[in-house]
Structure formats: structure tokens, C-alpha cells
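Some notes on the structure that comes next.
Starting from 1, each residue takes its place in the sequence as its number. The figures here come from the full heavy-atom set of this structure, side chains too, leaving out hydrogens, waters and symmetry mates.
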Amino acid sequence: MTVRRLAETQPESFDFTPENRAWVDRQIRKYPEGRQASAVMALLRRAQQQHHGWVPKPAIERIADILGMPYIRVLEVATFYTMYNLKPVGEHFIQFCGTTPCVLRGANDIKAVLERRVGPMETVSADGKFSWLEVECLGACCNAPMVQINDDYYEDLTPENFDRLLDDLAAGRPVKRGSQTGRLTSEPANGLTSLTTWYGVNGDEDRFATLHEQDNEAELTAADRDPALDDALQARDTQSAPDHERAAAEKARQDGAEAQAKQGGETNKLGHGGLDGQHAPLGGNARPEGSVAGTGTRTDDPVGTGQIESSAVHKPHPEADADRQEQPPKADPAADRGTTGPGSPAAGPAASDKPA
């Protein structure tokens, strides 16, 4: 980014109008005490709008005084962000996009119109109506070439329609924002070739909503039509009311089941059967003996079945004791002595086994 400097010629002073000062006070009150500096960008924007589209040095200093900031801090913000103009601009400030997508679509021809009608970049026309600046991509590549004039985009430009646009702006006549060729948003230049129809907003209407008066399907001959598509469209259009009624009944059943499950969860928030035999606190994670930790599922039940930890799950299981695995019997100490070691039958009793 090039170095941005303040204009050489500056006004003697700047202050907000009473209406703008009331607006400034409202912006400052949005932030907590000690954080008023957060409003600096909004105040710079308002100062630029008030001062004919650019921010003079006295405005920067006035904003610093209002927010209790050093002058250099506000100057840093104003010179960093390119949306703040630091030099006088025309009544209609034109930001010309000269990046690759626009150039491929004829941006150089638009630039030639600007140089002929307005003059060199960053100069104001003799009548004060126009100035222009080449900028980076403005994000309307689908409708290239394009320019931004003040706060609005003008797209699908040609040397002819751009000349007419400048004539209308200079004369104060109404102008059309957006595409200058009449296409809708970023549709293909020759009109839609797909997705020309779609179902209703909620997907429950028995007809297609169309974008254009002319339905592309009507233009197809009988040989071009797809019989399967015709059958599907006819089935959709002749869908019977009972189908809708069954769908509504199924939805009501599902809603009732969800409500019942929610009610059951609310009434069983108290845990039961903690390991110490006491009740768990409300919202606790107590579980019955023999259950899997954190799941509320018994060890003899499949884990991951989505069971709810409630009294229904934690109710004492009638077969709990029978289901639990028995502990293996303790090994006989004599079984580990071998046949010849101390304490074995061949060597006699061990010292620890002899009577005192």
C-alpha cells in the first residue's frame, strides 16, 4: 500500500454540526467508560460525510479531543484505512476497479473514459462533480467491469453506458444502481439456463414458482420432453389431500413423543442408586451398581442405546445379582508349592506352617 499523506491545503478548523454531535455522543455511549476510543472509526466516517467526502487534519484533531486520544493515534487510523479520503474529492467520487477480472472484461476502456471525462487520477474535475481513484478488487467480478461511486456499485459497464451514467450524474438526473445492462444480480448475461423454477418457500406448495414469465419447459417439443419427468410432475400436481393429512398426523405424533420424553426427563432429574446407597444431588451423575459409568446403561445392556438416566433406568434390576459375574475362588496356597520346593509334600511343611 502506498504512503497516504494529508492534503497540503487544509481548512482552519472543523467541528461537528449539532445534529452530528448528538449522533457522535450516541456512538460513544455504546462503549464502557474508558473505552471511548473504540468509536474512532465511526467518528472519522461521520466527519468525512460532513466535510464533502474527505477528512481534513482539523477533523482528526477534533475527534482526538472528543475521545481523549493522542492526535497521532487518530492519524494512524485515518492513514491506514483507504476508505478515509485524506484529500478533496469530487461530488461523485469514483473508485475504479483495475484488477484482473475487470481488465479481462474491458476495464481499460472504462479507464479511458475517466481520463477523458474527468482527468488524471486523484484530481477533481473543473466543475467539481467528479474525481476518481484506481483501487483493488471490489468483489463484483461476476459483473465486471464495474466502479463504485460514493456508496453504490455500477456494474456491467461499457464505454457507451458509462458515458451516459456520467452525463446523468452531472445533470442531477436519477440513475440506476447495479447492472447497467438490466440483468438481475449475477445471473448469466444471456439469462438463466438452469434452476429456472423451484418449489415454494416452505416446500409444501403444489406448484412451481417461476422466475420468468416464460417457462422453459413450455418451449420443449413432445420429442424433447422426458416422459419420466412428465410423470413426476403430474404425480406432484395431483398429490391427494390424504397424503398431506397423513404427514400432518405423523408430525403431530412425533411432537407428542418428544414432549412426553421431555416431561419424563424433567420429573426424573433426581439421580437414584448412587454407589454409596444415597441419592445424588439434583442433576448429578449417580448410577446403579452394575451400570456403565457416564451412560446410565447396565453392564448387561448394550452400550450406546441412548437410554436416559432416570428412575426407569436406575430401578433395581430383579436379576442384578444373578447377572453379576462371580469372583473366582481364592487359590489354595499349597497348590503353588510345587512338588519339591519348601512346604511341598516331599519336603514336609514349611516353617511358617509348623506349629509354634
Which heavy-atom pair separates [X] from [Y] by the least distance, and what is that distance?
X	Y	value
Ala59	Ala47	CB-CB, 4.2 Å
Ala144	Asp156	O-OD1, 4.2 Å
Tyr31	Ala39	CE1-CB, 3.7 Å
Leu138	Gln95	CD1-O, 3.8 Å
Pro188	Arg183	C-NH1, 4.1 Å

Rounded distance [0.5 Å steps], [atom1] in [X] versus [atom2] in [Y]:
X	Y	atom1	atom2	value
Asp255	Arg253	CG	CZ	10.0 Å
Gln148	Phe96	CD	CZ	14.0 Å
Asp65	Glu61	CG	CD	7.5 Å
Arg4	Leu75	CZ	CG	10.5 Å
Trp54	Phe93	CH2	CZ	13.0 Å
Arg46	Phe16	CZ	CZ	9.0 Å

Answer yes or no: is there a donor N or O on one side and an acceptor on the other, between the side chain of [X] and the main chain of [Y], under 3.5 Å?
X	Y	value
Asp109	Pro159	no
Arg105	Cys142	no
Glu155	Tyr153	no
Asn143	Thr185	yes
Gln10	Lys57	yes
Gln180	Lys176	yes
Ser131	Val89	no
Asn20	Thr17	no

Let me check something: do [X] and [Y] share a hydrophobic cluster, defined by ILVMFWY side-chain heavy atoms less than 4.5 Å apart, either directly or through other members?
X	Y	result
Ile72	Tyr81	yes
Leu44	Ile28	yes
Val124	Leu114	no
Trp132	Tyr84	no
Met83	Ile60	yes

Practice item. Could you walk me through whether Leu169 and Val175 pass side chain to side chain contact (heavy atoms under 4.5 Å, CB included), step by step? Key: CA-CA 7 Å; Leu169 290 172; Val175 295; 3.9 Å; yes
List the residues meeting salt bridge (charged side-chain N to carboxylate O under 4.0 Å, His left out) with [X], not counting sequence neighbours, and say none if there are none.
X	value
Arg164	none
Asp167	Arg117
Arg116	Asp163
Glu134	Lys111

Review point. Residues in side-chain contact (heavy atoms from CB on, under 4.5 Å) with Val103, at least two apart?
Key: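 Expected list: Ala107, Asn108.
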Review point. Does any non-hydrogen side-chain atom of Leu166 lie less than 4.5 Å from one of Ile94?
Key: yes
Review point. With a 4.5 Å heavy-atom cut-off, do Val147 and Phe162 have their side chains touching?
Key: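 Heavy-atom side-chain distance check passes, below 4.5 Å.
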Review point. Is there a side chain to side chain donor-acceptor pair (under 3.5 Å) between Gln254 and Glu250 once you walk through the steps?
Key: CA-CA 6 Å; Gln254 293 178 356; Glu250 177 64 18; 3.3 Å; yes
**Study point:** Leu86 vs Arg5, side chain to side chain contact (heavy atoms under 4.5 Å, CB included): CA-CA, chis, key distance, verdict
**Key:** CA-CA 7 Å; Leu86 304 180; Arg5 303 184 185 278; over 6 Å; no
**Study point:** Those residues that, when tested against Asp15, pass side-chain hydrogen bond (donor to acceptor under 3.5 Å, both in side chains) (two or more places apart)
**Key:** Arg62
Point to revise | side chain to side chain contact (heavy atoms under 4.5 Å, CB included) evaluation trace for Leu165 with Ile149 | key: CA-CA 11 Å; Leu165 175 63; Ile149 303 178; 4.1 Å; yes
Check your understanding: Is it the case that more than 12 heavy atoms not belonging to Glu136 sit under 6.0 Å from its CD atom?
Key ->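 Atom CD in Glu136 is not packed in, count stays at 12 or less.
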Exercise for review: Kindly check if the number of other-residue, nucleotide or ligand heavy atoms within 6.0 Å of CZ (Arg173) is above 12?
Suggested key: yes
Review point. Salt bridge between Asp25 and Arg21, side-chain N to carboxylate O under 4.0 Å?
Key: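 Between Arg21 and Asp25 there is a salt bridge, with a charged N closer than 4.0 Å to a carboxylate O.
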Review point. Can you check salt bridge (charged side-chain N to carboxylate O under 4.0 Å, His left out) on Lys129 and Asp168, steps first, answer last?
Key: CA-CA 11 Å; Lys129 292 288 186 179; Asp168 291 339; over 6 Å; no
Check your understanding: After noting the C-alpha distance and the side-chain angles of Met146 and Cys102, does the key distance pass the side chain to side chain contact (heavy atoms under 4.5 Å, CB included) rule?
Key -> CA-CA 7 Å; Met146 58 82 62; Cys102 281; 4.1 Å; yes
